[in-house]
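In what follows, a structure is listed as structure tokens, so that the remarks can point back to it.
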Amino acid sequence: MSAGSFYITTPIFYVNDVPHIGHAYTEVAADVLARWHRQSGDDAWLLTGTDEHGQKILRTAIANGVTPKEWADRLVETAWKPLLETVNIANDDFIRTTDERHEVNAQKFLQHLHDEGHIYTGEYEGYYCVGCEEYKQTSDLVDGTGAYTGQLVCAIHSKPVELLHEKNYFFKMSAFAERLLALYEENPNFVQPEAARNEVMSFVKRGLSDLSISRSSFDWGIKVPWDESHVVYVWFDALLNYITAAGYGQNDEEFASRWPATHIVGKDILRFHAVIWPAMLMAAGIEVPKQVFGHGWLLVGGEKMSKSKLTGIAPSQITDTFGSDAFRYYFMRAISFGQDGSFSWEDLSARYQSELANGFGNLASRVIAMVLRYCDGTIPALSEGTAGDFTADDLAIRATEQRVTDAATAFIDTLAIHDALASVWQLVDELNGYITLQEPWVLAKNPESRERLGTVLHTAVRGLGTLAVLLSPVIPVATGKLWTALGGDGDLADQRVDRAWEWTGGAKVSALEPLFPRIESIVEPADG
RNA sequence: GGGGCGGUAGCUCAGCUGGUUAGAGCAGCGGACUCAUAAUCCGUCGGUCCCGGGUUCAAGUCCCGGCCGCCCUACCA
């Protein structure tokens, strides 16, 4: 409602991952929220990007015979930026952790913490697998068998691991446990949804230990400013993107105008954002984020979709057939944002057909076709006498337009994107019912009911306009076409979504191709 | 082991602080209509609310005990 900064972020992609619909889901949710706020008069800013440091990337780069930076460049250009295009993300910025603005200012942040006494030298102790060339967590280790009985062995190599010690720098995170708990208590919205908040709180209540934030066993990362033999632990590095992209360290004015941000993250990385990240900011004397929202998993066949298993689905598999709008609509509508949601091709095609094609798309087609056929394309207007006074039925439509606009706006404020869409769809259904009931095709046959025909079509067109605006953050392509066909003024993306129902109609309509054509046969990509 | 969440019509899900014959959408079935993408509209079929106890005048909704599934239990980028 009120104009202000709305800075929203997605996690940054780990470049070595393969893009799947889970990544795209997060992006779409953040994009919908950003577009909605942008169209509500806020200074909305959507940030996404890539996380490019760490040992794994170094290793795969070497295996591919290129430098890690070249490897990251390749993946950014061939995988991640294309993903954003595939699902039509209108991000305002794209940060890479190899950007100079990130590396330089992340170092400033680290130096600041060091100067303020939040960092100390300690010793990291961990199990190291020579085969993997990396430290393993105990969860990655299994009991040895045969010659190694009684020893811990690497689950991958089945060979004993060594207990190694390494000098590390530690962040005194333990000092912030009380302040974090106070934050969760005083600001229940800081971590959402509720289940996520509970988990974070119970985690912190068990006590926090300090965080090892540097590594010296490899060098692909940001150099620790006071000791260049160490690089910054990748998570510490990655989290800082949210402020380095907003001007931290180099543009105080910009930073002050954007920060704090709303972070949209998958629930797997909730803790990094809801515990470590605010602790880092507290240490640096920077305001904590506005909110951290952990969304659920996409379940495929009842299981968590996995990059390593074969259940990963590339977004383009869906968009090639259904288009980016349908992708966006489906995941935003079918899944309660914050909860796990099941994906199936059957559900996707069923919703596409009934809700997008038969519901919204057909509504647009029939209204525009009638204005073209019965009124020669001229939208009937009350002021010109081509439409008469409103009846109770007409006013009921107008009232619904206002009601769903307000309801959707309220839902978006709580990040309940699915509920916002459900509200808007009440208007879709009501308009279809209204048209069937008013029978404009009957009115058109009788010259005496000419004015009534005008009122009905006028009302229907305005309803469609309201829908175009309300749905533009979710299905920008289709609504853009509709807006044009309705003769709407200016760019649809500039229309105020929180006042969508106030649109009074254009002058003439123009022909409109089916927005969501029927898809006769769904070819489900075959895979394991 | 400890903690959290969930198990409601064929499918996906709503059901707030316990209260009339448990709801929606989709699918199915019947009818109406023709402006529209064989679409829309109306009607209709359909549920031991996981199981067993308990509290209560009253429980899907609270308590206890089971069964099943998922998640968290720190450095997986």
Side-chain angles (χ1 to χ4, degrees), chain A residues 11-17 50-57 97 124 126 134-137 139-140 168 170-171 173 193-213 215 221 233-239 267-272 275-276 296-297 299 302-304 308 333-336 339-344 346-347 350-351 353-374 418-419 422 425 429 431-444 456-457 460 512-520:
Chain A
I12 51 178
F13 307 115
Y14 186 56
V15 286
N16 258 20
D17 286 345
T50 44
D51 178 13
E52 309 182 6
H53 290 131
Q55 190 163 22
K56 285 186 188 173
I57 289 161
T97 54
Y124 178 81
E134 66 186 5
Y135 283 100
K136 310 298 282 189
Q137 298 309 306
S139 58
D140 294 326
N168 269 191
F170 282 76
F171 167 49
M173 191 165 70
E194 211 54 35
R197 176 168 177 263
N198 291 340
E199 288 202 345
V200 167
M201 285 185 74
S202 66
F203 173 76
V204 176
K205 277 179 182 163
R206 282 193 289 268
L208 294 177
S209 56
D210 293 338
L211 186 71
S212 160
I213 60 160
R215 299 291 129 98
Y233 166 52
V234 281
W235 258 111
F236 209 85
D237 167 358
L239 288 164
K267 66 182 184 184
D268 54 329
I269 57 174
L270 183 69
R271 188 179 316 127
F272 295 94
V275 180
I276 297 176
W297 295 120
L299 306 177
E303 286 188 6
K304 174 190 164 189
S308 50
R333 176 72 192 270
I335 297 170
S336 289
Q339 301 196 306
D340 289 353
S342 42
F343 166 84
S344 72
E346 291 76 13
D347 191 39
R351 281 184 181 274
Q353 207 67 267
S354 72
E355 293 167 16
L356 289 175
N358 299 347
F360 176 62
N362 182 58
L363 172 66
S365 293
R366 64 198 300 213
V367 170
I368 285 176
M370 286 189 282
V371 175
L372 285 170
R373 189 197 281 205
Y374 303 142
H418 55 289
D419 285 329
W425 235 255
D429 293 337
L431 276 170
N432 268 322
Y434 169 82
I435 291 165
T436 302
L437 199 68
Q438 301 301 322
E439 300 181 306
W441 48 92
V442 174
L443 298 173
V456 170
L457 292 181
L512 179 68
E513 295 291 300
L515 295 175
F516 297 97
R518 281 185 68 84
I519 293 169
E520 295 303 340

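Residue numbers begin at 1 in each chain, while the letters A, B, ... track the order of the sequences.
Residues A/Tyr14 and A/Asn432 both approach RNA chain B. Their nearest nucleotides, taken by heavy-atom distance, put A/Asn432 toward the 5′ side.
Comparing the same atom, C1', in B/rC51 and in B/rG4 gives a spacing of 22 Å after rounding to whole Å.
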Exercise for the section: Could you go through the side-chain contact (heavy atoms from CB on, under 4.5 Å) check for A/Ile435 and A/Arg366 one step at a time? Expected result: CA-CA 9 Å; A/Ile435 291 165; A/Arg366 64 198 300 213; 3.7 Å; yes
Practice task
Report the C-alpha separation of A/Ser212 and A/Asn168 in whole Å, then their side-chain angles, then the decisive distance to 0.1 Å, and conclude whether the side chain to side chain donor-acceptor pair (under 3.5 Å) test is met.
Solution key: CA-CA 6 Å; A/Ser212 160; A/Asn168 269 191; 2.6 Å; yes
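Rounded to an integer number of Å, the gap from CE of A/Met173 to C1' of B/rA74 is 7 Å. A/Asp419 has its CG atom 10 Å from the P atom of B/rA14, to the nearest Å. Computed from coordinates, the A/Leu211 CG to B/rA74 P distance equals 13 Å when rounded to whole Å. Note: CZ (A/Arg366) to P (B/rU37) measures 11 Å, nearest angstrom. Between the P atom of B/rA24 and the CZ atom of A/Arg333 lies a distance of 15 Å, rounded to the nearest Å.
For A/Gln339, a side-chain nitrogen or oxygen approaches OP1 or OP2 of B/rA14 to under 4.0 Å. Within the structure, a side-chain polar atom (N or O) of A/Asn358 is placed less than 4.0 Å from OP1 or OP2 of B/rU40. Taking side-chain N and O atoms only, A/Ser342 has a distance below 4.0 Å to OP1 or OP2 of B/rC13.
Between A/Glu199 and A/Leu270 the shortest side-chain heavy-atom distance does not fall below 4.5 Å.
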